[in-house]
Amino acid sequence: MQIFIATCINNFTILLMMSARNISLQMALLLVAISFYCVADGLENGLARTPPMGWMPFERFRCMTDCARFPRDCISETLIKRTAELLISGGYAAVGYQYVIIDDCWMEASRDETTHELLPSLERFPTGMSSLGDYIHSLGLKFGLYHDIGEKTCMFRGPGAARHFDLDAQTFANWGVDYVKMDGCYASDADLDRGYPAFGRALNRTGRPIVYSCSWPFYKSQPDYSIISQHCNLWRFAEDVKDSLTSVTNIMTRFSSIQNLLTAHSGPGRWNDPDMLVLGNFRLSYDASRLQMAIWAVLAAPLIMTNDLETVRPEVKELLQNRDIVAIDQDPLGLSGKKILQWRNIQLSQMPNFCEQFAGCSSIVGSPSASVSWFINNYSHFTTKFRLDPFFSMQYIELLIC
Ligand code: GLA
C-alpha cells in the first residue's frame with residue numbers, strides 16, 4: 001500500500017513545482033513571518049534551517065568496540081572514513097546527507113588527567129578527532145559527535161559533560177565538530193533542565209556554528225517543548241528506534257498522540273527528532289522501508305541514516321535517495337504533516353504547506369475493499385495518478401493528502 005505514498009509523493013512534486021511557479025507575495029510574507037517568529041523563539045544559531053540529514057552508527061553498529069574480532073563493524077576511524085567515502089561515492093551526499101555523526105562509544109573511559117579534556121579511544125581513533133574531522137571536511141561533509149549531559153554516556157563507556165561544559169564545548173570546536181548529539185543519561189531532572197541550556201550556551205560561546213541535538217524531552221516525564229525548542233536545534237521525543245516495523249509505527253503513534261504539542265514548536269532551526277532511519281538494515285521489508293521514509297518526510301524529521309552503506313540493497317538506496325521524498329522533508333517552510341484520521345491501520349496525514357495553493361485537494365474518498373481505488377475529489381486529472389494498487393499485505397497504511 002505504500003505504493004500510494006510514492007505515487008502521492010510524485011504528485012506532490014507536481015504540486016511543489018506549481019507552488020514554486022506561483023510563488024506569491026503571500027508566500028513570501030509567510031516566510032518572513034516565520035523567520036521573525038523563529039528569531040523570537042528559537043535557538044537561532046542560524047543552523048538546521050531544514051531538518052539535518054546524515055548518518056549515525058548507533059542502531060546498526062551499537063557499541064561494538066572489539067575491533068580485533070569485528071574489524072569491519074567496530075566503532076572506529078575505519079568505519080567512519082568508509083562511511084564518509086560511501087556517502088560521496090554512493091550519491092547520498094548529493095541528495096543532502098551531509099552529517100557524519102559518531103554516536104556513543106568513541107571515548108576513552110576517563111578524561112586526560114592533566115587537561116581534563118575528553119579523549120577519543122586511542123586504539124580505535126588513532127589519528128584523533130581533529131584529523132578525522134579534517135578528513136570528513138575534506139570530502140565536503142560535516143562532522144558530528146555524541147556526548148552526554150550527565151555523569152556518563154549511556155553505554156557507560158565514557159565521561160559525560162557534567163562540570164566540564166565549557167571545556168568540552170571548546171574541545172569540540174577545536175576538533176572542528178559541526179553537530180553535537182547530547183544524550184541525557186546519568187543526569188537528574190534538574191541536571192537536564194539546567195544542563196541542556198547551559199551546554200547550548202557553551203557551544204555558542206565557542207563561536208563555531210554547531211548544530212545542537214538534544215535528547216532532553218525523552219528523559220522527562222512532562223517535557224516543556226516551548227523551553228526545549230528555545231535551546232536546541234532538534235530534540236528526541238520518543239524511544240530509541242529499532243530495526244522493526246513495530247518500532248517505526250510506535251514512534252509514528254507517539255508523534256501523532258502529541259502532534260499538536262510537537263508541531264507547535266518545530267520549524268526552521270528546531271525540529272522534532274523521531275530518531276534514525278533504520279531502512280537498509282535487516283528487518284524492514286521493502287514496504288516498511290517506504291513507510292519509514294515517507295512518514296519521516298511527512299513529519300519534517302531529521303533524516304539520519306543508521307546502516308552499513310556498503311550493504312544497503314539497491315532498491316532501499318533508491319528510496320533513501322528519492323529526491324521527491326527528500327524534497328518534502330526538506331521543504332523550507334518546515335511545516336510537519338499531522339494525522340487527521342485513523343481507521344484501523346489506515347492513517348491519513350495532512351501536510352499544510354502543500355495545501356494552500358490547492359483548495360479542494362483535501363478531499364479524499366475511498367473504500368478499503370478488494371478493488372479499492374482512492375481518488376481525489378475535484379481533481380479529476382489527478383485521479384489516475386492517485387489510484388492505488390490493491391495491496392493489503394502491509395500492516396500499516398499511510399495515506400497522505402494535501
Ligand atoms: C541512547 C540514545 C541512542 C544512542 C545511545 C548510545 O539510548 O537514545 O540514540 O545514542 O544512547 O548509548
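Each ligand, and each atom within it, is numbered from 1 in the order the structure gives.
Between the side chains of Thr50 and Gln330, at least one donor-acceptor pair of N or O atoms lies under 3.5 Å. For the residue pair Asp183/His147, the side-chain donor-acceptor check at 3.5 Å is not satisfied.
Distances shorter than 4.0 angstrom occur between a heavy atom of Arg236 and an atom of ligand 1. Every heavy atom of Thr153 sits 4.0 Å or more from the atoms of ligand 1. Ligand 1 has Lys181 within reach: a non-hydrogen atom of the residue lies less than 4.0 Å from it.
Geometric assessment of Lys81 against the ring of Tyr135 yields a positive cation-pi assignment under the 6.0 Å and 45° thresholds. Figure legend: Arg62 and Phe58 shown as a cation-pi pair, the cationic atom lying under 6.0 angstrom from the six-membered ring centre and within 45 degrees of its axis.
Of all the heavy atoms of Phe218, none lies under 4.0 Å from any atom of ligand 1, so neither backbone nor side chain is involved.
In this structure, Trp271 and Ser266 approach most closely via the heavy-atom pair CA-CB, 4.4 Å.
In terms of protein heavy-atom proximity, atom 7 (O) of ligand 1 is nearest to Asp240 OD2, 2.7 Å. Ranking the protein heavy atoms by distance from atom 10 (O) of ligand 1 puts Asp103 OD1, 2.6 Å first.
Close approach of ligand 1 to Cys154 (heavy-atom distance below 4.0 Å) involves ligand atoms 1 (C), 11 (O), 12 (O). Near Phe58, the atoms of ligand 1 lying under 4.0 angstrom from a non-hydrogen atom of the residue are 3 (C), 4 (C), 5 (C), 6 (C), 12 (O). Within ligand 1, counting atoms from 1 as listed, the ones closer than 4.0 Å to a heavy atom of Asp104 are 6 (C), 12 (O).
A side-chain hydrogen bond (donor to acceptor under 3.5 Å, both in side chains) with Arg60 is found for one member of Asp73, Asn281, Asp103, Asp243 and no other, namely Asn281.
Proximity annotation for atom 2 (C) of ligand 1: of Asp183, Asp275, Asp273, Asp183 comes nearest, heavy atoms only.
In this pair, Tyr92 and Tyr97 present their aromatic rings perpendicular. The plane angle is above 60°, beyond the 30 to 60° band.
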